[in-house]
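Letters A, B, ... mirror the listed sequences (proteins, then strands); counts begin at 1.
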Amino acid sequence: GHRGPSWPSLPSAADGLQRDKDPQQSPGDAAAALGQGAQDMVAVHMLRLYEKYNRRGARPGGGNTVRSFRARLEMVDQKPVYFFNLTSMQDSEMILTATFHFYSEPPRWPRAREVFCKPRAKNASCRLLTPGPPAHLHLIFRSLSQNTATQGLLRGAMALAPPPRGLWQAKDISSIIKASRRDGELLLSAQLDSGEKDPGIPRPSPHMPYILVYANDLAISEPNSVAVTLQRYDPFPAGDLEPRAAPNNSADPRVRRAAQVSGPLQDNELPGLDERPAPALHAQHYHKHEFWSSPFRALKPRTGRKDRKKKDQDTFTTSSQVLNFDEKTMQKARRR
Amino acid sequence: QWDEPRVCSRRYLKVDFADIGWNEWIISPKSFDAYYCAGACEFPMPKIVRPSNHATIQSIVRAVGIVPGIPEPCCVPDKMNSLGVLFLDENRNVVLKVYPNMSVETCACR
């Protein structure tokens with residue numbers, strides 16, 4: 001067990017987060033940065049681990065990560081049940097140990113009328129008897145999968161020796177947490193059953209129980225691991241793999257091209273390409289450069305690859321500029 | 001920064017998490033001394049820039065001009081330190097993580 005915070009009493013909850021004056025913060029500043037949250041013991045515990053690491057470089061629990069989980073208190077069948085949501089644990093975090101921390105309230109002094117007296121004794125000595133510590137304390141853990149009732153699957157039950165009052169207790173629950181995580185059930189409930197008739201209804205207070213999980217994050221040495229857990233906004237919303245084009249650019253950088261079709265096609269010629277040379281008799285294979293460099297080149301019948309290659313060289317250098325026309329066209333030309 | 005040495009060396013940089021918008025969930029530290037590396041790795045490189053063998057060869061090849069377009073080696077962090085960060089996760093639970101390579105101890109030419 002351990003008492004409350006071991007350093008000077010925590011500063012009153014600072015409203016808002018104060019900016020640090022120097023890089024090495026004193027616990028007070030860090031606690032003030034926690035604001036209201038600094039009052040509960042889990043925050044105090046985490047601050048203490050942080051200070052210990054900063055002062056001595058002591059790896060908390062031998063790993064590089066400590067996650068704390070606050071309890072949410074609910075009454076189930078008139079009994080207080082504490083719920084823990086462990087879903088924020090990362091898959092890359094290998095659990096080393098886990099501990100459950102709870103506080104046993106100091107005895108409440110009975111009120112005057114509850115003074116216990118020995119019945120019918122001569123000198124009834126009305127001594128103030130305080131109720132002793134509970135005979136035993138049972139600690140019961142259950143894991144809840146999404147669709148079970150509040151009961152869930154029993155994960156562990158411990159009978160604890162009656163804890164001294166007014167102290168914090170810590171119990172190792174590593175096997176329970178590891179088993180729950182293995183089964184993918186990261187919603188846990190814990191019940192502290194002291195066997196007292198009316199244990200009274202606990203109120204949420206700084207003394208709420210909490211869980212600490214010490215882990216080794218195997219991904220922490222990956223480049224940019226700090227962004228995985230600390231960068232909360234994403235400059236590029238999910239699913240948009242490429243950086244969005246600047247708003248003033250058109251949505252799609254490519255220019256849309258389409259031929260303006262002016263009414264039904266009379267012929268199969270492309271509009272706007274009327275300077276094409278007269279259609280050759282044997283519209284056969286021709287090279288692009290032949291077509292565009294001199295549209296009036298004689299089209300040669302297709303030859304074998306080898307001599308075509310040779311021929312291409314020839315035609316490219318010494319081809320004549322004369323075209324072959326049909327007889328009728330030649331007659332017309334002669335007459336003209 | 002003006003009187004900084006030309007040669008590759010560690011320069012002072014204090015990072016304030018409020019400047020990068022992370023201060024809402026980072027409890028502590030609010031800022032830390034990160035430093036950075038800058039400066040020349042030109043031939044001949046002094047020992048202080050602790051060049052790797054490859055960087056030495058590269059700077060000679062560049063100086064001799066055998067192969068055009070070879071840049072001089074880069075001035076980068078050599079030894080780095082971890083930083084413990086206390087922050088709130090999405091469920092506002094307190095988390096402590098010790099991130100490696102968060103601040104520069106020494107720089108070198110690579």
Original post:
Knowing that exactly one of F69(A), W168(A), F141(A) qualifies, which makes a ring pair (Phe, Tyr, Trp, His ring centres under 6.0 Å) with F100(A)?
Top reply: F141(A)
Original post:
Are I220(A) and Y99(B) side-chain neighbours, meaning at least one heavy-atom pair lies under 4.5 Å?
Top reply: yes
Original post:
Do the cysteine sulfurs of C107(B) and C8(B) sit under 2.5 angstrom from one another?
Top reply: no
**OP:** Counting only heavy atoms closer than 4.5 Å, note whether E93(A) contacts chain B via side chain, backbone, both or neither.
**Re:** side chain
Original post:
With a 4.5 angstrom heavy-atom cut-off, which part of Y53(A) approaches chain B: side chain, backbone, both or neither?
Top reply: side chain
Original post:
Heavy-atom distance under 4.5 Å to chain A: side chain of D89(B), backbone, both or neither?
Top reply: both
**OP:** Check the side chains of S68(A) and R70(A) for a donor-acceptor pair under 3.5 angstrom, ignoring hydrogens and angles.
**Re:** no
Original post:
Relative to chain B, which of T65(A), T229(A), N85(A) shows the most heavy atom pairs under 4.5 Å?
Top reply: T65(A)
